[in-house]
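Just below is one structure, and these are the notes that go with it.
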There are 2 protein chains.
Amino acid sequence: MQHSQTANLILGMLSIEPNRSGYDIRKMVESSVSYFWRESYGQIYPTLKRMAREGLIVARPSTSKGKRKRQEYALSAKGRARLQEWLAAPYRDDPPRSEFLLKLFFGRAASPNACIQHVRHFQANNKRVLSTLLEVERQVYANNAGHPHLPFWLLTLSYGIAHTRSSIEWSESAVTNLSSTQTRTTARSKKRVRRT
Amino acid sequence: MQHSQTANLILGMLSIEPNRSGYDIRKMVESSVSYFWRESYGQIYPTLKRMAREGLIVARPSTSKGKRKRQEYALSAKGRARLQEWLAAPYRDDPPRSEFLLKLFFGRAASPNACIQHVRHFQANNKRVLSTLLEVERQVYANNAGHPHLPFWLLTLSYGIAHTRSSIEWSESAVTNLSSTQTRTTARSKKRVRRT
DNA sequence: ACACACATGTAATTGGTTACATGATTTC
DNA sequence: GAAATCATGTAACCAATTACATGTGTGT
């Protein structure tokens, strides 16, 4: 178990904002890194408990003036050290599985315009993502001027934006390609039909 | 279990080349889609057995003239139908976790040039990938002219190439950004030291 | 004779999602 | 007092990697 990615994520998030609950962390993930990372509660809560046991984080009674019952956590010295250790270690290059690409790859076996449908969805989706990323970028600039984390956030954001743009462009050309191969294929099969 | 991705992959691969063994399928994956998909033997062999039991594929005695003992498989009608079903269904948009980006995002907590190191690795790696993808593209063109799968393969390839290129470009700007924030930060801390 | 690639599998473990279950507090 | 959202957690399941174990045919 030791070095679950979830634990690293939690360490990182608590390094940005101390005294957060599991619920908070989940929200932070959704609002800031969801375009390249996601976590479920079923992963976060048990991991928090474990990390507290191991002394990587310390549980604190809710600091925010007596609202709901909630368990907040902050980094311990050990946790901070662990975070730095992880950050220094080489990242593991996980093969980013894409069911979308897999379906395209086998597209020949699909019904004629299934692929085009998928690509259209893909493009629409990426357009949506792009606009939210651009919105986020504006927000980040506005609310965090001078914030020491800013350059790093902008870096990952610009990565996301670049890739989303490239996906949109690619989709465009993909649709034209697919349409032309489709007409070519149907033309051929028509000929065959006529011949029979 | 039913709809494991591994099963779909196997259906797809057998639709391209019938009478392949688990070993073959693994090799096909590595040589053709490894830039967006990977499978381990520990996943492939049990899945093959299960699929044979379910009648999605049929086991055949090694067709290739009496070499080693090996178990080959081919699609059944049911398997082909299942494949088409899967290809027609909407792809699931898996959040593509990137440990690399996560480390960058938390980069403020890292030792000064850890991030730069990571980005450099990232760039070097992407350059390597790009050259193999371009090589593969050449090969595919050369060996598969007129092959009905060609357009689909080129599509996924062009996706990979576009993204790899965009990653390389982004890395370039990322390194400059990081260097400048680094010098800024160290300058500030020097000042602070002098003041103390 | 030896090494290497071919070939198949299992067991242990991890990492993760999903669905379920519960209850408190705020807001309308 | 109903609905929404805050908040925490567990159990079941699934997908996947890794390490281990084993044996065969080919080329040198």
Side-chain angles (χ1 to χ4, degrees), chain A residues 1-10 13 19-31 33-34 36-53 57 59-73 86 92-99 102, chain B residues 1-10 13 19-31 33-34 36-53 57 59-73 86 92-99 102:
Chain A
M1 200 180 263
Q2 276 268 57
H3 267 299
S4 81
Q5 298 286 54
T6 306
N8 295 327
L9 176 86
I10 290 173
M13 285 303 177
N19 301 318
R20 298 288 145 157
S21 67
Y23 193 83
D24 291 338
I25 289 171
R26 172 78 203 277
K27 268 196 307 178
M28 289 173 77
V29 170
E30 284 308 301
S31 70
V33 296
S34 61
F36 63 82
W37 203 274
R38 247 158 239 261
E39 284 296 344
S40 61
Y41 290 127
Q43 196 74 347
I44 290 174
Y45 284 114
T47 305
L48 280 170
K49 294 242 153 146
R50 202 199 80 222
M51 293 170 74
R53 271 203 311 280
I57 57 180
R60 307 211 167 153
S62 171
T63 52
S64 54
K65 48 278 168 192
K67 302 245 158 174
R68 293 149 191 274
K69 79 160 181 182
R70 41 185 266 132
Q71 191 54 254
E72 300 182 347
Y73 297 90
W86 171 65
R92 61 171 291 176
D93 207 349
D94 35 355
R97 283 182 160 205
S98 164
E99 197 187 11
L102 201 58
Chain B
M1 198 179 264
Q2 278 268 60
H3 267 300
S4 82
Q5 298 285 54
T6 306
N8 295 327
L9 175 87
I10 290 172
M13 286 303 178
N19 300 318
R20 299 289 144 156
S21 67
Y23 193 82
D24 291 338
I25 289 171
R26 173 77 202 278
K27 268 198 305 179
M28 288 174 77
V29 171
E30 284 308 302
S31 70
V33 297
S34 62
F36 64 82
W37 203 274
R38 246 158 238 261
E39 284 296 344
S40 61
Y41 290 127
Q43 195 73 348
I44 291 174
Y45 284 115
T47 305
L48 281 170
K49 294 244 153 145
R50 201 199 80 223
M51 291 170 74
R53 269 202 312 278
I57 57 180
R60 307 211 165 152
S62 171
T63 52
S64 53
K65 50 277 169 193
K67 303 246 156 170
R68 294 150 190 273
K69 78 159 182 185
R70 43 185 266 133
Q71 191 53 255
E72 300 182 347
Y73 297 90
W86 170 64
R92 61 170 291 176
D93 207 350
D94 36 354
R97 284 183 159 205
S98 163
E99 196 187 13
L102 201 58

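In terms of phosphate contacts, B/Ser21 brings a side-chain nitrogen or oxygen within less than 4.0 Å of OP1 or OP2 of C/dT8. Not one side-chain nitrogen or oxygen of A/Ser4 sits closer than 4.0 Å to the OP1 or OP2 atom of C/dG16.
The shortest heavy-atom contact between B/Tyr73 and B/Ala52 is CE2-CB, 4.3 Å.
Formation of a donor-acceptor pair under 3.5 Å by the A/Arg26 side chain with backbone atoms of A/Ser40 is not found in this model. Looking at A/Arg97, its side chain does come within 3.5 Å of a backbone N or O of B/Arg38 through a donor-acceptor pair.
Rounding to whole angstrom units, NZ of residue A/Lys27 and C1' of D/dT8 are separated by 14 Å. The interatomic distance linking B/Asn19 (CG) with C/dA7 (P) rounds to 14 Å, in whole Å. Between the CE atom of B/Met28 and the P atom of C/dA7 there is a distance of 14 Å, given to the nearest Å. With rounding to whole Å, A/Asn8 atom CG is found 15 Å from C/dT14 atom P. Between the CD1 atom of A/Ile25 and the P atom of D/dC6 there is a distance of 16 Å, rounded to whole Å. Across the protein-nucleic acid pair, B/Asp94 atom CG and C/dT18 atom P stand 11 Å apart, rounded to whole Å. C/dT26 atom P lies 12 Å from atom CZ of A/Arg70, rounded to whole Å. A straight line from CZ of B/Arg50 to P of D/dA16 spans 11 Å, rounded to a whole angstrom.
Distance from the side chain of A/Tyr23 is smallest for D/dC6 among the nucleotides D/dC6, C/dA7, C/dG9. For B/Tyr45, counting side-chain heavy atoms from C-beta on, the closest listed nucleotide (C/dG15, D/dT8, C/dG9) is C/dG9. Comparing D/dT8, D/dG9, D/dT10 by their closest approach to the side chain of A/Pro46 singles out D/dT10.
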Just the table, please: protein N/O against nucleotides 17-21 of chain D N/O, every pair under 3.5 Å.
from: D/dT17; atom 1: OP2; to: B/Ser40; atom 2: OG; distance (Å): 3.0

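Here the side chains of B/Ile25 and B/Leu48 are in contact, with some heavy-atom distance below 4.5 Å. For the pair B/Asn8/A/Leu102, no side-chain contact is recorded, criterion being any heavy-atom separation below 4.5 Å from C-beta on. Looking only at side-chain heavy atoms (C-beta outward), A/Gln71 and A/Tyr45 stay at 4.5 Å or farther from each other. Using a 4.5 Å cut-off on side-chain heavy atoms (C-beta onward), A/Leu9 and A/Met28 make no contact.
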